[in-house]
Engineer: 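Dropping the structure in here first, questions after.
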There are 2 protein chains.
Amino acid sequence: MARVTLQTIADEVGVSRMTVSNAFSRPDQLSGELRARVLAAAERLGYAGPDAAARALTRGRTGVVGMLLETSPFDAFVDEVSVGFMRAAAAGLADAGYSLALLHSNRSGDIVPTRDVAMDGAIVYSCAPQSEGVGDLLRRRLPIVRVEGLPIEGVASVALDDEGGARAAAQHLLDLGHRDIAIVAGGIDADGRPLHDPPASDYSVTRGRLAGWYAALQAADVVPRIVATGATSVDDALRARIRELLAAPPTAVLCWSDLAAVEVLEAAREAGLSVPADLSVVGFDDVPLASRVTPPLTTVRQDLDAKGDAAVRALLSMLDGGAPEAVPPLATTLVVRESTAPPRAS
Amino acid sequence: MARVTLQTIADEVGVSRMTVSNAFSRPDQLSGELRARVLAAAERLGYAGPDAAARALTRGRTGVVGMLLETSPFDAFVDEVSVGFMRAAAAGLADAGYSLALLHSNRSGDIVPTRDVAMDGAIVYSCAPQSEGVGDLLRRRLPIVRVEGLPIEGVASVALDDEGGARAAAQHLLDLGHRDIAIVAGGIDADGRPLHDPPASDYSVTRGRLAGWYAALQAADVVPRIVATGATSVDDALRARIRELLAAPPTAVLCWSDLAAVEVLEAAREAGLSVPADLSVVGFDDVPLASRVTPPLTTVRQDLDAKGDAAVRALLSMLDGGAPEAVPPLATTLVVRESTAPPRAS
DNA sequence: CTGCCTTTCTGTATCGGTATAGCGGCGGTC
DNA sequence: GACCGCCGCTATACCGATACAGAAAGGCAG
């Protein structure tokens with residue numbers, strides 16, 4: 001039993017293939033009576049309407065926007081920050097009629113998403129500019145918006161004002177009177193090289209936040225202690241270093257994520273340190289968890305809805321033929337809760 | 001400047017279009033020397049490789065699996081249960097080389113995802129069988145797997161053993177000695193009709209859980225009090241009813257979700273009731289939040305990874321040409337934490 | 001009754017690929 | 001020296017639709 005196509009219906013009804021196509025796609029092009037007959041025949045033969053792939057080919061539009069993630073899709077769904085971004089992006093795209101396809105980086109199959117999945121544009125979330133996936137997308141000359149991650153030549157981008165947020169966080173601690181401050185950061189010093197001052201990172205989020213912390217601290221002549229791993233998520237190595245740090249605790253800790261800050265809270269509890277009396281802790285991101293831990297975390301909020309909206313708006317304007325345009329860094333807000341206080345008088 | 005296609009390259013190199021195609025897709029079909037020349041020309045002309053839409057048309061495969069959600073994509077990313085499911089499903093599909101496309105139900109654009117987005121198969125998560133989106137997908141005769149939601153004729157399904165989990169939860173309260181038990185459930189009695197006994201619901205999750213609770217309670221001759229709304233998420237109406245309930249509190253409450261249970265916890269605190277001393281509370285799902293609230297919630301755990309894996313496995317087997325096959329209900333586990341205790345001796 | 005404009009439908013070309021059969025040339029076998 | 005098989009490439013026919021330019025039929029003004 002051959003597949004049912006426009007031609008099948010056309011033969012059945014005794015009209016041209018074109019007329020059947022019009023019955024589905026341009027109803028005003030034929031009489032209501034004939035259209036009804038065509039549709040009835042289609043129904044009878046079990047025709048679902050124009051084939052999506054064929055239509056995508058001729059119309060040159062798929063209705064799909066891809067999202068390439070630095071991590072595997074699995075990890076992206078674990079991280080509350082990327083979930084929040086996906087949420088806003090998916091909602092914005094849905095409003096504009098686009099479906100969001102999560103592209104993976106598994107290149108072993110015969111279909112490599114970044115190269116072979118049909119789409120009208122893509123969002124590149126926190127990816128290395130030189131990664132294969134990004135290369136594939138660039139080669140296709142698709143409209144692309146980069147979100148976080150290092151700059152990609154010729155690609156519009158949406159990013160947080162990491163530096164400003166970090167500066168505000170550091171300044172908050174300085175204003176409280178702290179001078180002995182540690183920084184907990186991932187994505188730097190992967191191979192144990194001596195750290196620069198300020199330390200360097202190829203991980204854009206950490207890079208911006210480091211710059212902000214150092215800007216404030218150096219202005220106050222404070223030299224921070226650095227606790228770092230190469231990993232960009234909280235891992236056992238980082239946990240161990242945090243515990244080392246708290247053996248001779250500073251009075252305050254700046255963390256590059258709320259998750260890292262929660263680890264510090266945990267380690268402080270183990271070490272018998274009271275937060276914020278003995279140790280002030282500042283996170284970053286303001287994920288839902290931040291306000292639920294004990295004590296609720298002082299942190300730098302980023303507005304994930306705004307980030308998603310900005311990315312979608314930038315992409316939609318390109319999909320409509322607009323030129324890629326720069327989006328200014330998204331503002332952050334310092335949220336002061338109960339994990340920070342003046343240092344204990346010594 | 002016309003678009004660069006296989007033909008452009010073919011003309012440039014002076015070979016047939018077919019040879020260029022082979023250079024990309026079947027390297028063994030031409031000499032290495034010629035292939036190198038073709039690829040060099042492609043590079044020079046900025047050809048990204050075979051067009052995805054065209055390839056999808058001829059090969060009949062897209063590498064995309066759609067996921068249709070009952071709610072908007074936005075809400076799906078808010079609910080920890082659906083996020084957990086998406087996580088597992090996306091990971092499983094990525095391993096198999098498929099990208100996951102989130103289909104929205106916005107039918108106003110010219111591209112209706114369920115009808116017009118090219119895909120090889122779809123997962124239908126907790127959707128009404130008679131919804132337009134489901135109808136579109138069925139008409140296309142795509143391989144489909146249903147996850148949660150009411151049965152869809154001829155569609156393989158993956159669902160939780162809601163009934164067994166609920167029965168275990170109710171039995172746990174009975175074993176503790178509770179006789180005055182309330183049930184908090186959404187998705188029933190939307191228009192205020194008198195409730196049946198057990199109450200009816202068109203919302204499959206609630207339906208299964210109700211059946212389980214009643215099975216255990218009726219066997220013990222306990223008649224529960226019902227607190228319900230038509231909404232399937234926690235809303236103000238439900239919050240208000242919970243507060244009414246606690247004006248004359250039962251000794252224990254069975255909730256159809258952890259989120260609802262957290263509301264009960266909150267309302268109990270407001271009413272000056274101590275959990276579990278004055279009131280035992282049981283949730284459902286075991287979302288991450290459940291173990292973090294105070295007191296940690298006794299709840300029925302569902303394994304979202306298993307659910308995602310089961311759905312993906314079922315779909316993959318159909319994509320490989322297998323027949324749809326029934327997947328047995330997924331097991332649940334009662335997790336006893338600190339929100340349940342024997343009723344206060346009266 | 002003629003000419004012109006609509007309405008309604010059809011024919012052909014095209015979208016950008018891939019499958020498949022076939023063709024010339026070359027080395028090798030008997 | 002005729003025959004065979006293989007290698008490397010090409011020609012042709014699709015895949016399933018849509019765009020666009022007509023063409024037949026009918027309506028209306030002059």
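In what follows, chains carry the letters A, B, and so on, assigned in the order in which the sequence lines appear, proteins first and then strands, with residues in each chain numbered from 1.
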Engineer: Distances under 3.5 Å only, N/O to N/O: pair up the protein atoms with those of nucleotides 22-26 of chain C.
Structural biologist:
none

Engineer: With a 3.5 Å cut-off and sequence neighbours excluded, list the donor-acceptor pairs that the side chains of residues 111-123 of chain B form with protein atoms.
Structural biologist:
{"residue": "B:Thr114", "atom": "OG1", "partner": "B:Asp136", "partner atom": "OD2", "Å": "2.7"}
{"residue": "B:Asp116", "atom": "OD1", "partner": "A:Arg55", "partner atom": "NH1", "Å": "3.2"}
{"residue": "B:Asp116", "atom": "OD2", "partner": "B:Val112", "partner atom": "N", "Å": "2.9"}
{"residue": "B:Asp120", "atom": "OD1", "partner": "B:Thr62", "partner atom": "N", "Å": "2.9"}
{"residue": "B:Asp120", "atom": "OD1", "partner": "B:Thr62", "partner atom": "OG1", "Å": "3.0"}
{"residue": "B:Asp120", "atom": "OD2", "partner": "B:Thr62", "partner atom": "N", "Å": "3.2"}
{"residue": "B:Asp120", "atom": "OD2", "partner": "B:Thr62", "partner atom": "OG1", "Å": "3.3"}
{"residue": "B:Asp120", "atom": "OD2", "partner": "B:Gly63", "partner atom": "N", "Å": "2.8"}

Engineer: For B:Asp110 and D:dT18, what is the distance between atoms CG and P respectively, to the nearest whole Å?
Structural biologist: 12 Å

Engineer: Quick one: A:Asp28 CG to C:dT8 C1', roughly how many Å, whole number?
Structural biologist: 11 Å

Engineer: Among A:Leu30, A:Thr8, A:Leu6, A:Asp11, find the one that has a side-chain contact (heavy atoms from CB on, under 4.5 Å) with A:Val20.
Structural biologist: A:Leu6

Engineer: Between C:dT14 atom P and B:Leu6 atom CG, what is the distance in whole Å?
Structural biologist: 17 Å

Engineer: Work out which heavy atom in B:Val64 is nearest to a heavy atom in B:Ala101; give both atom names and the distance.
Structural biologist: CG1-CB, 3.7 Å

Engineer: Using the side-chain contact (heavy atoms from CB on, under 4.5 Å) rule, take A:His104 and A:Ser72 through it: C-alpha gap first, then chi angles, then the decisive distance, then the call.
Structural biologist: CA-CA 6 Å; A:His104 60 81; A:Ser72 69; over 6 Å; no

Engineer: Which pair of heavy atoms, one from B:Asn106 and one from A:Asp95, lies closest together, and at what distance?
Structural biologist: ND2-O, 3.6 Å

Engineer: From A:Asp162 CG over to A:Glu148 CD, what is the distance, rounded to the nearest 0.5 angstrom?
Structural biologist: 5.5 Å

Engineer: In terms of relative ring orientation, are A:Phe24 and A:Tyr47 parallel, tilted or perpendicular, with 30° and 60° separating the classes?
Structural biologist: perpendicular

Engineer: Under a 4.5 Å cut-off applied to non-hydrogen side-chain atoms, are B:Asp51 and A:Leu57 in contact?
Structural biologist: yes

Engineer: By the salt bridge (charged side-chain N to carboxylate O under 4.0 Å, His left out) test, which pairs, at least two apart or in different chains, include something from residues 70-79 of chain A?
Structural biologist: none

Engineer: Quick one: A:Arg3 CZ to D:dA17 C1', roughly how many Å, whole number?
Structural biologist: 11 Å

Engineer: Between residues 46-66 of chain A and DNA chain C, which residues have a heavy-atom gap below 4.0 Å?
Structural biologist: A:Leu57, A:Thr58

Engineer: Considering only heavy atoms from C-beta outward, does the side chain of B:Phe85 approach that of B:Val147 to under 4.5 Å?
Structural biologist: yes

Engineer: Does any pair with a residue in residues 31-45 of chain B pass salt bridge (charged side-chain N to carboxylate O under 4.0 Å, His left out), and if so which ones, sequence neighbours excluded?
Structural biologist: B:Glu12-B:Arg44, B:Glu33-B:Arg37

Engineer: Round to the nearest Å and state the distance from A:Gln7 atom CD to D:dA17 atom P.
Structural biologist: 10 Å

Engineer: Atom pairs under 3.5 Å, N or O on each side, protein against nucleotides 9-12 of chain D: can you list them with distances?
Structural biologist:
{"residue": "D:dC9", "atom": "OP1", "partner": "B:Ser31", "partner atom": "OG", "Å": "3.4"}
{"residue": "D:dC9", "atom": "OP2", "partner": "B:Ser31", "partner atom": "N", "Å": "2.7"}
{"residue": "D:dT10", "atom": "OP2", "partner": "B:Ser16", "partner atom": "N", "Å": "3.0"}
{"residue": "D:dT10", "atom": "OP2", "partner": "B:Ser16", "partner atom": "OG", "Å": "3.2"}
{"residue": "D:dT10", "atom": "OP2", "partner": "B:Thr19", "partner atom": "OG1", "Å": "2.3"}

Engineer: OP1 or OP2 of D:dT18 less than 4.0 angstrom from a side-chain nitrogen or oxygen of A:Arg26, does that happen here?
Structural biologist: no

